[in-house]
Every structure is written in structure tokens, then in C-alpha cells.
Amino acid sequence: MTLFDRWRPIRRPAPPTEPVLRWLVLQQGPNPSTDYYIRPRAEASGCPVAYRHLDLDLPTPADLPPGTRVVIVRYLTPAWAEALQRHQAQLAGIVYFMDDELLDPQAWQGLPAPYRQKLQRYCGRMHRVLTELVTEYWGSTAPLCERHADRAMQPMPPLPLVEDAGRVPIQPVPGEPVQIFYHGTSVHIDEMRWLRPVIAEVLSACPLAQFEVIGDHEVNRLFRDLPRTRVLHPMGWPNYLSHCRAMRGHIGLAPLLPGAFNAARSSTRYFDIERCRAVAIAAATPPYLSDLSDRPDRRCLDMAPSIWSTRLIEMVQTGTGQPR
């Protein structure tokens, strides 16, 4: 973008006129956002679907023939933005999907610095060109869509992976270890810090309890001194799926602290926990409260450490692995 471009009026795109003949999904490699929200809808359309890596695949004219519906999953790069601008008139629409607050930098306050820098690079700097390209906005939750009502953002609830159908919680065997786990990311460092004393109390009270957490060096420093605790290095989405499907989990955790960024969260953590064949203990906040669906393997607790530790100790000591 030139200095002149910065000051010219924003041109919003006209509605597409081409019929949808194929889908092109732009993503940063395999990821949960595509798999939970976009892939099921694209493959149900009956049209051919192609996937391109934003950073590794350079755009070619063959990627954007007439009738292509483009779905941008969270991020955009200048190279792909330029290609979309060149072929915009012949496309069957450009969709922008987001499952976090990616268009409001004010909501990024308090996030880890490397993640804020990534959001600025792929979202903040692309904000203007997105506004001029995108003909349709999809959001993961109702609160996110309400925030962007001026863009007529449509809610797109997450869908579980077909490959995970039929996975049910495993009952702990009496006298054998009970596996508790929290599979957060670097964005959840505040939840990690909140959870640490809870887990310490549970492990102290319950010799059969084990804990698994995923995180970087800071997370390792937080948890490495706790007994019967395993800290796994962050892994890519395909490896994470394989890890979960091979895991014999019992209790999966989904704490969530208040905040502008967290307010837009969805309930996909339930899917991750159920893939591990575990029951879920989640924060009593809208993304989780709104998706209980009368499920006995999903329970929500107020975000008070004593409530969480008491409930977890009860679950481990009764040997049921079931929330009550």
C-alpha cells in the first residue's frame, strides 16, 4: 500500500454476480479453524474445493478462475491480496472468516507480544484491503457477529470432525491413574497461571491424579516442579489430532478468564476434550454455557480456584471421572 492509498476513500466491493463453481480456501496450513468451520461447509457444497497455504503457495491465475468462491481463514498476505484484487471481478465472492477478534487491535491488549505482532502483520496491516475485497463476513460466535453488525457478519457455528464421531468418555479403572489435562496455547498464558495452584492442590490431595499441559518454556517453568505432570511442546494441528486420538484422557479442562479477546471465544475446546475421550470441566462463561446441550459429560464451573480444585478432587477420589 502506498502513502496515496492510505488517504484515498475506502471502496467497498460490489456483490458478486458469478455463480459459485469452486471453492478456494486460503489458510496458514492445516488448522482447527478450517477443520471446524470451513471444511465441512465447503465439502458439503458439492463444488470442487482447493486449499492453499498463504505463506508457502504463491498465487497463480489457475487458482482464481471465474466462479471461484474464496474463503480467507483468519489471515491474509499482500501477495494473495494483490492476486484477489486482480481477479476480483470474475470471482463468485470473497468470504472472510474469523473465530477470534482479529479486526479490533484494542482487543489484543494483554495478549503475548509475539501473537500481537502476528495479528498486526496478517490482520491489522491488511484491514483496509480486506474491507475493499470481502463481500461476505463469517464469524464463529453470536457475540463476534454482533460486534461486527456493520459488516453483516453471519454466525457460523463450529462442527465436530467426522473422524471423531462415536468417541465416548473413558471411565477410570479403580486404583489406576486419572489423567487430567489442559491443552491451551500461548494465548492462554493467563489461564495457565490461574490453573497452576488449582492443579498443585489436586495433585497434592490425589496420588492417582496425573496432569498434562501443552506449552512453551514459560508454561514449562510454571508446571515442571509439580509431581506427575507432563509438559508437552506445542505441536502442529495434524500431530495434535493424532496425539488426542491416541490419548486415554479422563478430565479435560477449559478455563477462560474475562477479557475483550476471550469474549469472542467459541466452544471448540469441547471437541478437543471429547476427542481425548474425556469429560469436560469448563468455565461458566457464554461460549461454554451456551453449548452444554444437556450433555452429562460437559460441566461448567465459576472461575474460582477453590471451586475447581474441590470438584476435581471429588472426581478423582470417587473414581468416576464424571462431573456431578
Side-chain angles (χ1 to χ4, degrees), residues 10-16 25-27 31-42 44 69-76 93-112 115-116 118-120 122-160 184-185 187-188 190-191 254-272 280 282-295 298 300-303:
I10 294 177
R11 299 187 299 266
R12 295 191 179 272
V25 179
L26 300 180
Q27 58 178 5
N31 68 91
S33 301
T34 297
D35 279 1
Y36 284 142
Y37 298 94
I38 306 305
R39 187 184 303 276
R41 294 174 169 92
R69 183 185 217 182
V70 179
V71 180
I72 302 167
V73 181
R74 294 177 59 95
Y75 306 126
L76 185 62
I94 299 176
V95 177
Y96 180 63
F97 169 78
M98 62 185 198
D99 51 356
D100 284 317
E101 180 48 85
L102 304 179
L103 298 179
D104 180 9
Q106 294 300 316
W108 306 346
Q109 300 303 313
L111 296 177
Y115 189 55
R116 291 200 310 272
K118 178 178 181 177
L119 293 180
Q120 178 59 24
Y122 289 101
C123 304
R125 293 177 183 173
M126 305 306 298
H127 188 281
R128 183 188 183 98
V129 72
L130 282 170
T131 302
E132 296 189 339
L133 284 173
V134 173
T135 57
E136 196 173 352
Y137 291 85
W138 294 353
S140 58
T141 64
L144 196 57
C145 293
E146 290 167 6
R147 285 189 193 179
H148 297 281
D150 59 320
R151 301 175 187 269
M153 183 174 286
Q154 303 174 46
M156 292 289 157
L159 300 171
T185 68
V187 180
H188 302 101
D190 288 338
E191 282 79 11
L256 192 67
L257 295 168
F261 198 74
N262 279 349
R265 293 280 180 187
S266 73
S267 60
T268 55
R269 188 68 62 193
Y270 281 144
F271 298 155
D272 295 336
T285 55
Y288 298 118
L289 284 171
S290 60
D291 202 12
L292 288 176
S293 306
D294 296 323
R295 294 280 298 267
R298 298 177 180 178
C300 292
L301 301 178
D302 291 334
M303 285 292 287

Over all atoms of both residues, closest heavy-atom pair of A264 and R147: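 Closest approach of A264 to R147: N-NH2, 4.1 Å.
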
Going by the rule salt bridge (Lys or Arg N to Asp or Glu O under 4.0 Å), which residues pair with [X] if we only count those two or more places apart in sequence or in a different chain?
{"X": "E191", "result": "none"}
{"X": "D35", "result": "R39"}
{"X": "D100", "result": "R74, R265"}

Enumerate the salt bridge (Lys or Arg N to Asp or Glu O under 4.0 Å) contacts for residues 150-159, please, sequence neighbours excluded, ordered by first and then second residue.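 Residue pairs with at least one partner in residues 150-159: there are none.
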
Side chain to side chain contact (heavy atoms under 4.5 Å, CB included) against [X], all qualifying residues, sequence neighbours excluded:
{"X": "D302", "answer": "A284, I307"}
{"X": "T141", "answer": "P143, L144, S266"}
{"X": "Q120", "answer": "W108, R125"}
{"X": "A260", "answer": "A107"}

With sequence neighbours excluded, residues passing side chain to side chain donor-acceptor pair (under 3.5 Å) with [X]:
{"X": "Y75", "answer": "none"}
{"X": "D104", "answer": "none"}
{"X": "S267", "answer": "D291"}
{"X": "T285", "answer": "none"}

Would you please test W138 and Y37 for side-chain contact (heavy atoms from CB on, under 4.5 Å) and show each step? CA-CA 10 Å; W138 294 353; Y37 298 94; over 6 Å; no

Candidate list V25, V95, L130, I38, test side-chain contact (heavy atoms from CB on, under 4.5 Å), partner I72, passing option: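 Filter result, single survivor: L130.
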
Passing candidate, side-chain contact (heavy atoms from CB on, under 4.5 Å) with Y137, options M98, Q154, M153: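 One option only clears the test, and that one is M153.
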
R69 (side chain) donor-acceptor with G93 (main chain) under 3.5 angstrom: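 No, the answer is negative, given that no donor and acceptor are paired below the 3.5 Å cut-off.
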
Rounded to the nearest 0.5 Å, what's the gap from NE2 on H188 to CG on L256? Could you check?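 Going from NE2 on H188 over to CG on L256, the span is 7.0 Å.
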
